[in-house]
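Have a look at the structure below before the remarks.
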There are 2 protein chains.
Amino acid sequence: MLSTMQDVPLTVTRILMHGSVVHGTAQVTTWTGEGAPRRRTFREVGGRSAALAHALREELGVERGERVGTLLWNNGEHLECYLAVPSMGAVLHTLNLRLPAEQLSWIVNHAADRVIIVNGSLLPLLAPLLPGLGSVEHIVVTGPGDRSLLDGCGARVHEYEALIQGRPAHYDWPELDEREAAVLCYTSGTTGDPKGVAYSHRSIYLHSMQVNSAESFAISGRDTLLPVVPMFHANAWGTPHAAFMAGASIVMPDRFLQPEPLAEMIESVRPTIAAAVPTIWQGLLAELEAKPRDVACLRNVYIGGAACPPALMKEFEERHGIRVVHAWGMTETSPLGTLAQPPAGVPDEDAWPYRVSQGRFPASVQARLTAPDGGRVPWDGTTAGELEVRGPWIAGAYYGGAAGEPFRPDDKFTEDGWLKTGDVGTITPDGYLTLTDRAKDVIKSGGEWISSVELENQLMGHPEVAEAAVVAVPDDKWGERPLAAVVLKEGATVDYEALRAFLAERIARWQLPERWTLIPAVPKTSVGKFDKKLLRKQYADGELDVTELD
Amino acid sequence: MLSTMQDVPLTVTRILMHGSVVHGTAQVTTWTGEGAPRRRTFREVGGRSAALAHALREELGVERGERVGTLLWNNGEHLECYLAVPSMGAVLHTLNLRLPAEQLSWIVNHAADRVIIVNGSLLPLLAPLLPGLGSVEHIVVTGPGDRSLLDGCGARVHEYEALIQGRPAHYDWPELDEREAAVLCYTSGTTGDPKGVAYSHRSIYLHSMQVNSAESFAISGRDTLLPVVPMFHANAWGTPHAAFMAGASIVMPDRFLQPEPLAEMIESVRPTIAAAVPTIWQGLLAELEAKPRDVACLRNVYIGGAACPPALMKEFEERHGIRVVHAWGMTETSPLGTLAQPPAGVPDEDAWPYRVSQGRFPASVQARLTAPDGGRVPWDGTTAGELEVRGPWIAGAYYGGAAGEPFRPDDKFTEDGWLKTGDVGTITPDGYLTLTDRAKDVIKSGGEWISSVELENQLMGHPEVAEAAVVAVPDDKWGERPLAAVVLKEGATVDYEALRAFLAERIARWQLPERWTLIPAVPKTSVGKFDKKLLRKQYADGELDVTELD
């Protein structure tokens, strides 16, 4: 039976119009380092977004569905791009300014960006790449920076402010299908080429509603948001669109991401909530220690992107009265996957196990754990499986490039369309997710998972072990088995039997490694993680001296 | 350009599965008047919902799209119907037990309900209607009540508990289109036949997300909800679906809606939020005055359905520390239309003008004010217009009955598909709605509105006026002009010129009534409202003694 409800699409245009009309007096404040910050009301942002759309359409010829690249810090202009580009029917393509040059070029070429909007301070990064960016015809520059770097670059160069000046503050926004692409964001894939996730108007709208829900970030018109997480990282976790929808004022840090200016902007603009990776908060905590500031305005700090040390959470809470909330997600999940609020009725002192977990899924994120043999793993809080998710803001494919269709690699999507997150973990009967391993680091032994991280943690608890890495190696009978690579403390002598006996008291017998090797140090990647790929290669190449126990 | 996101429908099924799995330990507590309340976990509710779906499908033959009527109080069984019936692809039809018998019969026949699930206590209401309900084949009875009233009624009679007992706690829920109807609710139209609004899975899902947003009811898994507003009134304002989605426990008052049991259940089950019309809260306040109770558990009380006296709001806040929040909506708006939170930065003592207004629209509710001539009225806080709304949970038509298509009467929907609310009011530049009149009570004079309510309020401020009603009467030149019907206080003598002069100091000159009449009392409707229809008829029939001033 048909419903009688209106058929109204969920679009970024609605977020733009709502924020700039109903919450027209809310403010976007962009930090400028020195002097007064740049302040604009949501009404002004709305008018400037319309002017930007006019400029892109009429001056630069941007067409429906075309990608428009941004290489921008978190600032008011980037927010205008966030609103204008999708609303005019084009696709905002946020470029990650931290990527290696080759990856950045690859991505611009893959998306076939014809227009790039860039902060002047990032021209030293962009200009050298331009000869290799065949599709780029227009560069729009905003903010301070040396324009002469673009001399002779071949593209037409525009000044952002001059481009939008004098253009109408209203735009006849097109009617959009909510399933059209709105924003394109590439994963900085550690293996293989980067992969583009094309968020839809629908996914962004629904995700914004979820960010604003009481169980998630709870952003309302009475809040001021400080998004430290970059706007090129999964839409700054969706917070700018969500804040504009809620009418929450926004403090944009621009390129001032160091502890001192962050503390300054918190003290002066007084955000109530903030979002960033743990290292930012670690730095801020040290800064506040060195130079106390009034940061009592902050009620909640959201942390994601990496596991958050409980000590950091406790210190923020005890010293500054700021509650730190842990969340998990990835580019493919928009990114809100889980958020760690404790259940009802649990007193604060008992809440830590819940708060340091990845947390619970919202209704729009369906989750299941899959065993190596493809079977379902129960939500018992102990059996591990690879996390697969489904939902209206979860990717179901990757962007295929200018001509190509979306593509769905088998290692990323299941046959029935769920996203394979590549993370391995457990879920409790009441829905709390704890991630333990990346799937590629887990040992698939006889249809069961063995957690390499757990084995490592236990081994490193042995008084004579300095470091330990465990990797999967091929095994005729079991498919894979663990190889334990151990670094001993100075003066210690190796005794694999004793180490295995130590482990046997702590983990299940069938998980105990047979293969052991002594190494001088665990090889590390450029960001300091265990380089397990290298260890596996060394084993395959016979470069390790392996002892096999019975 | 296509997005790469998964195409996952927004359905009540997802709410059911999420609540009963991720929030399986949350509780539904139904008040039973005497003895222990009935408690079930969300997991049990999920299992019983599946069992109910099996019973309806396999035993009663309920088909996809078929309406299933409920004549139930707010209780756990009604929640099971809320979840099971839409999830199995049928349409939950909530019957308003307060309607006159003829209207109730008309509605059951119009919807062609074949199954009615009824509380035993309501059999005295239902049984006498059954001979006139041709479509009804099955009556499912739950809770105490005299079953013998159904003897010889012609329909098959089932016991709810016996019907679901022993059936599987899992159901192979069908894949649904999110635009299919999920719930059917008729307006208790004061004019003409009742009209059915068929909410979709999509509209209920989106509305639930909005109810749970920080700017609206902010329901999370740490809350316990007390929905006093009946589940046959626009889905109890959408709160049961929203609470199940958020994992918030629910206290169901069943038929115990009197101040004393309400105070008891608040004290014993400790809800954190509650929703009801003002009269309920007025009664509760008096009850707490007479017999103090610990109601500190309540953080927010949501009021709608009628304007809320500020004195009531203040008293709750000052005496009990409970914040009362005002909301506006109607059956056709699911019902969340606006909600009155003050803007950021306004101190409590200055917040009252915002808090007693109807409030602000969420992003999913677009609003505009229309002048009598069809033109747009500016959001200036003073110019009035008829409120028209648009959005994904706003009705765009009415249900046409078993065979018919949805229909769209011209007086309810605009040509471009917006809902005409029939309410007249103003909107401030920052989006605060204040409703002043029903459109049918407003005077359309020369292309402008004159508010009858404002004229009445001003007139009643005159020391010699006991009561006053203002109605529109036809006028050759202006289309309509106000007629002021005045009731004087004892001993006062009439002086229309003086009354007009009094008004002239308070309202715009062009709004001043020319036509005046003295009446012994303002005629009232059965619910105590001014009966303006009767006054207009008396004027048309020449029954009033009218003086016309120059």
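In what follows, chains are A, B, ... by sequence order, proteins preceding strands, each numbered from 1.
When heavy atoms are compared at a cutoff of 4.5 Å, B/R43 approaches chain A solely by way of its side chain, counted from C-beta outward. Heavy-atom distances place no part of B/F413 under 4.5 Å from chain A, backbone and side chain included. Heavy atoms of A/S364 lying under 4.5 Å from chain B belong to its backbone as well as its side chain. Interface remark: B/L206 contributes backbone and side-chain atoms alike to the contact with chain A (heavy atom separation under 4.5 Å). Only the side chain of A/W379 comes within contact range of chain B, with at least one heavy atom under 4.5 Å from a heavy atom of that chain. Only the side chain of B/E178 comes within less than 4.5 Å of a heavy atom of chain A; its backbone N, CA, C and O stay farther away. For A/F407, no part lies near chain B; criterion is any non-hydrogen pair under 4.5 Å. With a 4.5 angstrom heavy-atom cutoff, A/Y398 touches chain B only via backbone atoms. Within the 4.5 angstrom heavy-atom criterion, only side-chain atoms of B/V91, from C-beta onward, approach chain A. Contact annotation for B/R360: only side-chain heavy atoms (C-beta onward) come within less than 4.5 Å of a heavy atom of chain A. Residue contact with chain A, scored on non-hydrogen atoms closer than 4.5 Å, involves the backbone of B/V365 exclusively. Of the two parts of A/I427, neither the backbone nor the side chain holds a non-hydrogen atom closer than 4.5 Å to a non-hydrogen atom of chain B.
For the set A/G417, A/G431, A/A214, the entry with the most heavy-atom pairs within less than 4.5 Å of chain B is A/A214. For the set A/H23, A/R64, A/M17, the count of heavy-atom pairs under 4.5 angstrom toward chain B peaks at A/H23. Between chain A and the residues B/A397, B/A363, B/G396, the most heavy-atom pairs under 4.5 angstrom are made by B/A363. Of the listed residues (A/E180, A/M245, A/Q366), the one with the most heavy-atom contacts under 4.5 Å to chain B is A/Q366. Options A/I15, A/D223, A/N212, A/I394 differ in how many heavy-atom pairs under 4.5 Å they form with chain B, and the most are formed by A/I394. Contact count versus chain B (heavy atoms, under 4.5 Å) is highest, among A/R202, A/Q341, A/Q210, A/E215, for A/R202. Chain B forms the most heavy-atom pairs under 4.5 Å with one residue out of A/A344, A/S249, A/A181, A/S213, and that residue is A/A181. Considering only heavy-atom pairs separated by less than 4.5 Å from chain A, the leading option among B/A218, B/P362, B/G247 is B/P362. Chain A forms more heavy-atom pairs under 4.5 Å with one residue of B/G89, B/S200, B/G19 than with any other, namely B/S200.
A donor-acceptor pair under 3.5 Å links the side-chain atoms of B/T4 to the main chain of A/A198, judged by distance alone. Checked by atom type and distance alone, the side chain of A/R222 never pairs as donor or acceptor with a backbone atom of B/P343 at under 3.5 Å.
Nearest heavy-atom pair across A/Q6 and B/A395 is NE2-O, 3.1 Å. What you find for A/S203 and B/M5 is that their closest heavy atoms are OG-CG, 3.7 Å. Taking each heavy atom of A/F361 and B/H18 in turn, the nearest pair found is O-CE1, 3.0 Å.
Two residues are said to be in side-chain contact when any heavy atoms from C-beta on lie closer than 4.5 Å; B/R390 and A/V8 meet this criterion.
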